[in-house]
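Notes for the one structure printed next.
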Protein chains: 2
Amino acid sequence: MKRGWQDIQTEALRRIQSREWPPGGLIPNEAELARELGCARATVNRALRALAEDGWLERRRRAGTRVALSPQRRAQMSVPILRQEVEGLGKAYSHRVISRKIKGGLLHLEGLHFADKAPFAAEQRQVNLSEVPQMADVDLDQISANEWLVQNAPFDRGTLEYAAEPASGFDTKHLECAPAAPLMVLRRETFSETAMVTAVRMSYAPGHAVRLVI
Amino acid sequence: MKRGWQDIQTEALRRIQSREWPPGGLIPNEAELARELGCARATVNRALRALAEDGWLERRRRAGTRVALSPQRRAQMSVPILRQEVEGLGKAYSHRVISRKIKGGLLHLEGLHFADKAPFAAEQRQVNLSEVPQMADVDLDQISANEWLVQNAPFDRGTLEYAAEPASGFDTKHLECAPAAPLMVLRRETFSETAMVTAVRMSYAPGHAVRLVI
DNA sequence: GATCTGAATATGTCTATACATAATTACAAA
DNA sequence: TTTGTAATTATGTATAGACATATTCAGATC
């Protein structure tokens, strides 16, 4: 007899992967499993709920629990903070502001991020000053806009999109790469409850890859 | 007084975002919150655990719960199944096998995926036949290798990596794009407990973007 | 001062029980 | 047949109480 919910989860996952519980198939209900495995229903619930969150199972009230047809496990990545990304590579992080101007309530920023003094990424950003007025006074030589915003402007929703783009003139100049070289470009917009907080285009130096954990 | 754990979660998130609980700060313990909010400790636990999983809080036994210093929310994406990706765009999915040969226990595949008859992605794949011997008999005109493997070869671990690369000769030919055009390339390897199951290089037609949900 | 030891404490988890909620099913009425 | 309604059922959630476990902290010992 298993004990903790993690053991129950392991056992359930084994049955899924061994096809004892085939894809699309209905599995025994919680009460039954609890009896079979010798634990409380709440424990089974905890285990199955976790598996459902990971995409292995699909659960519906009254209809029961079935094994997901295409076990789409979800890949996760954390919203990148460049400093951590660079330091995670064992390199020294630094950054430089290229330009900074305010126009129509928006702060327009251009900046460059370095890993061991080699250009790592170039950033073009707009910040909505009516959402984060303090941003106007931040010394961006001390802390990068990215970092300051992540720590000081919690957001509710956002979009995040990677694309492969040819290096623009801006990229070519600052990342020291060939014109139209294939670059990984990240676009991100974040919103508070009421309005857009910041929008960024971040172009990474050639060779950058986005790794996800499954 | 709040009721469900989701309400507790909402209230806690409000306090975090309003900086009533500042970043790095210790928050009241579960028992205290339960008393304050008029619910059982288990309910508070559920709410705070969920927030910790989302990266808002850091919890340690005895030490208590504190607000994460850099609230790195995690972005999620599901491991892409091309059919679903294409159909999600409201287009008709189809695919074609370009080549198929077996060499040294490995099945080498090249294939092409279409959205409404326009090339969507080109695939180069190796499958370890000693891990999934049935794969040798699958009619790949009926079901794509991707799809078959996802449904029939559950894996334990894997790597997934996106990069921007110049179109190779293979890409140029099959995706109908300019030579060395910037393409989004996905590399994925999946492993069973014991060995590599499959390795893929998937190059997407120009303009493809990877969107993540925050 | 340095190190070990045990008490204290916050989170982690399990249990039994109860009720809530969604969805299906069965059945009755139109 | 269609439509409305009530019973059924599996999951979802809340609760109190108990014990487990990891860490910290305060003393005691060296």
Side-chain angles (χ1 to χ4, degrees), chain A residues 1-16 20-72 74, chain B residues 1-16 20-69 71-72 74 76:
Chain A
M1 292 298 155
K2 304 292 178 167
R3 274 283 171 61
W5 68 269
Q6 306 228 32
D7 299 307
I8 306 292
Q9 191 188 33
T10 302
E11 171 60 12
L13 194 53
R14 188 192 64 71
R15 295 186 186 187
I16 295 169
E20 194 171 321
W21 292 345
L26 209 57
I27 76 171
N29 69 39
E30 294 185 347
E32 221 166 310
L33 281 172
R35 230 177 305 124
E36 188 205 331
L37 299 172
C39 65
R41 183 169 79 87
T43 308
V44 174
N45 182 283
R46 181 90 157 80
L48 298 189
R49 177 161 34 88
L51 285 174
E53 275 167 13
D54 284 348
W56 290 103
L57 295 173
E58 280 167 17
R59 323 193 71 202
R60 279 166 60 214
R61 284 181 178 173
R62 158 79 199 192
T65 301
R66 34 185 83 246
V67 178
L69 265 177
S70 36
Q72 300 192 41
R74 284 184 197 105
Chain B
M1 292 299 155
K2 303 291 179 172
R3 276 281 171 62
W5 70 269
Q6 306 227 30
D7 298 308
I8 306 293
Q9 191 189 33
T10 301
E11 171 60 13
L13 195 53
R14 188 192 65 72
R15 294 188 187 186
I16 295 169
E20 194 171 322
W21 292 344
L26 208 57
I27 76 171
N29 69 40
E30 295 184 348
E32 220 165 312
L33 281 172
R35 229 177 306 123
E36 187 204 331
L37 300 172
C39 64
R41 184 169 79 87
T43 308
V44 174
N45 182 284
R46 180 91 154 81
L48 297 188
R49 176 159 37 84
L51 284 174
E53 277 167 11
D54 284 347
W56 290 102
L57 295 173
E58 280 167 19
R59 323 193 73 201
R60 279 166 59 213
R61 286 180 178 174
R62 158 78 197 188
T65 301
R66 35 184 83 246
V67 178
L69 265 177
Q72 298 192 43
R74 279 175 204 117
Q76 283 200 337

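The structure presented is a predicted model; accordingly, all values stated were derived computationally and were not measured. Each chain gets a letter, A, B and so on, in the order the sequences are listed, and its residues count up from 1. Only heavy atoms go into these numbers, but all of them, side chains included; no hydrogens, no water, no symmetry mates.
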Discussion item. Heavy-atom nearest nucleotide on DNA chain D for A:A63 versus A:R49: which residue maps closer to 5'?
Written reply: A:A63
Practice prompt. Take atom CD of A:Q6 and atom P of D:dT21, then tell me their distance rounded to the nearest Å.
Written response: 13 Å
Discussion item. Can you tell me how far apart CD1 (B:I27) and CG (B:L33) are? Round to the nearest 0.5 Å.
Written reply: 5.5 Å
Worksheet item: When rounded to the nearest 0.5 angstrom, what distance separates CZ in B:R49 from OG1 in B:T65?
Response: 12.0 Å
Worksheet item: B:R41 near the nucleic acid: base, sugar-phosphate alone, or nothing, with a heavy-atom cut-off under 4.0 Å?
Response: base
Fill in: Whole-Å distance separating the CZ atom of B:R35 from the C1' atom of D:dA16
15 Å
Response to the item:
Here the distance between atom P of D:dT13 and atom CG of A:L48, to the nearest Å, is 14 Å
Worksheet entry | Minimal non-hydrogen separation, A:V44 against A:C39, with atom names | CG2-SG, 3.7 Å
Response to the item:
Picking from D:dA14, D:dT11, C:dG12, the nucleotide nearest the side-chain atoms of B:W5 would be D:dA14
Worksheet item: Rounding to a whole Å, what distance do you find between A:E32:CD and D:dT9:P?
Response: 13 Å
Practice prompt. Rounded to the nearest angstrom, tell me the gap between atom CD in B:E58 and atom P in C:dA10.
Written response: 19 Å
Worksheet item: Would you say D:dT11 has OP1 or OP2 under 4.0 Å from some side-chain N or O of A:T65?
Response: yes
Worksheet item: Using a cut-off of less than 4.0 Å, is there contact between a side-chain N or O of A:T43 and OP1 or OP2 of C:dT13?
Response: no
Fill in: Nucleotide C:dT13, atom P - distance to CG of A:D7 in whole Å
12 Å
Worksheet item: Do A:E32 and A:R35 meet the salt-bridge criterion of a basic N to acidic O distance under 4.0 Å?
Response: no
Worksheet item: Got a second to check how far A:L26's CG is from A:E58's CD, nearest 0.5 Å?
Response: 11.5 Å
Practice prompt. Please determine if a side-chain N or O atom of B:N45 lies less than 4.0 Å away from the OP1 or OP2 oxygen of C:dT13.
Written response: no
Discussion item. Taking any heavy-atom pair under 4.0 Å as a contact, classify A:R60: base, sugar-phosphate, or nothing.
Written reply: sugar-phosphate
Worksheet item: Nearest of C:dT15, D:dT24, D:dT13 to any side-chain atom of A:A42?
Response: C:dT15
Discussion item. Using only modelled atom types and a 3.5 angstrom limit, is any donor from either the side chain of A:R46 or the base of C:dT13 paired with an acceptor on the other?
Written reply: no
Discussion item. Expressed as a whole number of angstroms, how long is the span from B:L26:CG to D:dT23:P?
Written reply: 16 Å
Fill in: Given D:dT11, C:dT15, C:dA23, the nucleotide with the shortest approach to the side chain of A:R62
C:dA23
Worksheet item: Quick one: B:N29 CG to C:dA8 C1', roughly how many Å, whole number?
Response: 13 Å
Worksheet item: Given C:dT24, D:dG12, D:dA22, which nucleotide is nearest the side-chain atoms of B:R61?
Response: D:dA22
